Amino acid sequence: MELRLYNTLTRAKDPLRPFDPHNVRMYVCGPTVYDHAHIGNARPVIVFDVLYRLLRRLYGTGHVTYVRNITDVDDKINARAAERGISIRDLTEETYRWFREDTAALGCLRPDVEPRATEHIAEMRTLIESLVASGHAYVAEEHVLFHVPSMPDYGALSRRPLDEMVAGARVDVAPYKRDPTDFVLWKPSPDGVPGWPSPCGIATPGRPGWHIECSAMSWRHLGETFDIHGGGIDLVFPHHENEIAQSRCAFQTGVMAQVWMHNGFLMLEGEKMSKSLGNFVTIRELLDEWPGEVLRLAMLSTHYRQPINWTRQGLGFAAKTLDKWYRIVGDAEAETGPDNPFESEIAERLADDLNAPSAITHLHHLAEVAEQEDDPALRRRFKGAANLLGLLDGTDSAWRTSQKAAVALDEASIAALIAERLAARKARDFKRADQIREELASKGIALMDNKDGTTSWEVSR
RNA sequence: GGCCACGUGGCGGAGUGGUUACGCAGCGGACUGCAAAUCCGUGUACGGGGGUUCGAUUCCCUCCGUGGCCUCCA
């Protein structure tokens, strides 16, 4: 099975040819930990989790290294810590813990390494000094700047000619820059701002620029070159462009990562998500209302490179689908591994540039097969196939229980009402029976009269 | 202004140079006291205009619309 991935560098679906198939290496830009992650932040987390699962399926679980960094040095962090009157460390630790809880609820595996920027200052200094030594960077007014014209093919990722960048710039250029496009590798820390000993003989303590940390952490944990680099499409320029410049110039390599992958943007009910519009939703807020698996399926229903419109309706669809699928798999154990043909069929679809919507379509088909043939093996295979997308990891019982936990009414009262309705039906008092059914329906509870004369219920949205 | 994406049936959303996925909703039927769930069946599409082609939703051009990025802001 050939894995083909859309590469922003070449603007084409390229077959993945890992440097070392025994250790496929992937780096994804992680969160800046100063506040709860919003649903837009969840997109790359889920998308690259699917890719991670697929890579492990194709190359073997022990043959993939997935690194996702934690940015714990940033002006927004400083501002928020000051605002809340807590230490920077407390803020970043607390926010990181939230992030871990949120992403676990979304069914995402932990990356192999989650490096923190503040623990890689030494690597950053090494990179910066090497860039200065090779003439790609210079010191100016206690800053260290990367000199963009020193790299002839700068801009290859975003395909942005240098002269146009200058022409289009709408920000005042700092006077100490040799070239308007030069960007900061290291900057001085004023009093009260976290600082570390500066490189290049600069006396004042300083802190890293925005981009150098990813070059440092990917170098430390994956090496000078690696296979896949991912992140949101908004990071293409300048962040990833600058990472490439730093790493390639520091290590004198032709590439930093072979494949650059970018997920599309997320809109909320048709509008750009922004705090000012008041339509800003955190993962946590959504998890209060929906199982994480619903969010995951809704997210994967749109191809990762397409813009996604995040809607309540979409969540409802996802919930309904999972209801159906869990009913089919019941509490069966998943069959996983290459011997499961269903799983291979899903892998095949994902291998085409992570076409999750196509995989989901196929799951609908497999669900039908599993449901119609009364063969437990097929249900186990169906479940294993869904597992590759990180779906149907639980059991039907657990799913129903979690759904019922969200209902405002306690189970005993529901049971009492059902008993009363059954009695009314027996007495052919259908008016009263329907009245009870409507009462429960208004509370989001759907009744089902079974063939054997019993009545069961489930949550409907 | 520059660069880059995207525009598919009522909604969501894949895909393809020629036989029009899939899900939800709708409609018809079975089941039911009536429903729900389930099962069976079923209709509807490829932003506008040019071009290439025997043939385009699929390739090219253009227009319109939407969105993103344009340097320290994930």
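Note that the structure is predicted; figures quoted are calculated from it, not measured. Protein chains get the first letters and strands the later ones, always in sequence-line order, with residue 1 at the start of each.
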Is there, by distance only and without an angle test, a donor paired with an acceptor across the side chain of Arg437(A) and the base of C34(B) below 3.5 Å? yes
Between C1' on G15(B) and CG on Asp353(A), what's the gap in Å once rounded to a whole number? 14 Å
When the nearest nucleotide of RNA chain B is assigned to Glu371(A) and to Tyr6(A) on a heavy-atom basis, which residue is associated with the more 5' position? Tyr6(A)
At less than 3.5 Å, do the side-chain atoms of Asp449(A) and the base atoms of C34(B) form a donor-acceptor pair? yes
Does OP1 or OP2 of G15(B) have a side-chain N or O of Asn355(A) closer than 4.0 Å? yes
Whether the side chain of Thr361(A) and the base of A14(B) hold a donor-acceptor pair under 3.5 Å is what I'd like checked. no
Kindly say whether, by distance alone, the side chain of Arg428(A) makes a donor-acceptor pair under 3.5 Å with the base of G33(B)? no
In whole Å, I'd like the distance from the CZ atom of Arg11(A) to the P atom of C69(B). 15 Å
Taking OP1 and OP2 of A25(B), is either one under 4.0 Å from a side-chain nitrogen or oxygen of Lys320(A)? yes
For Gln313(A) and A25(B), is the shortest distance between a side-chain N/O and OP1 or OP2 below 4.0 Å? no
Where does RNA chain B pair, written as one dot-bracket string 5' to 3', with Watson-Crick or G-U pairs under 3.5 Å, ( ) inside the strand, [ ] for crossing pairs and | for another strand? (((((((..(((.....[...))).(((((.......)))))....(((((..]....))))))))))))....
Which one, C31(B), C73(B), C69(B), comes nearest to the side chain of Asp234(A)? C69(B)
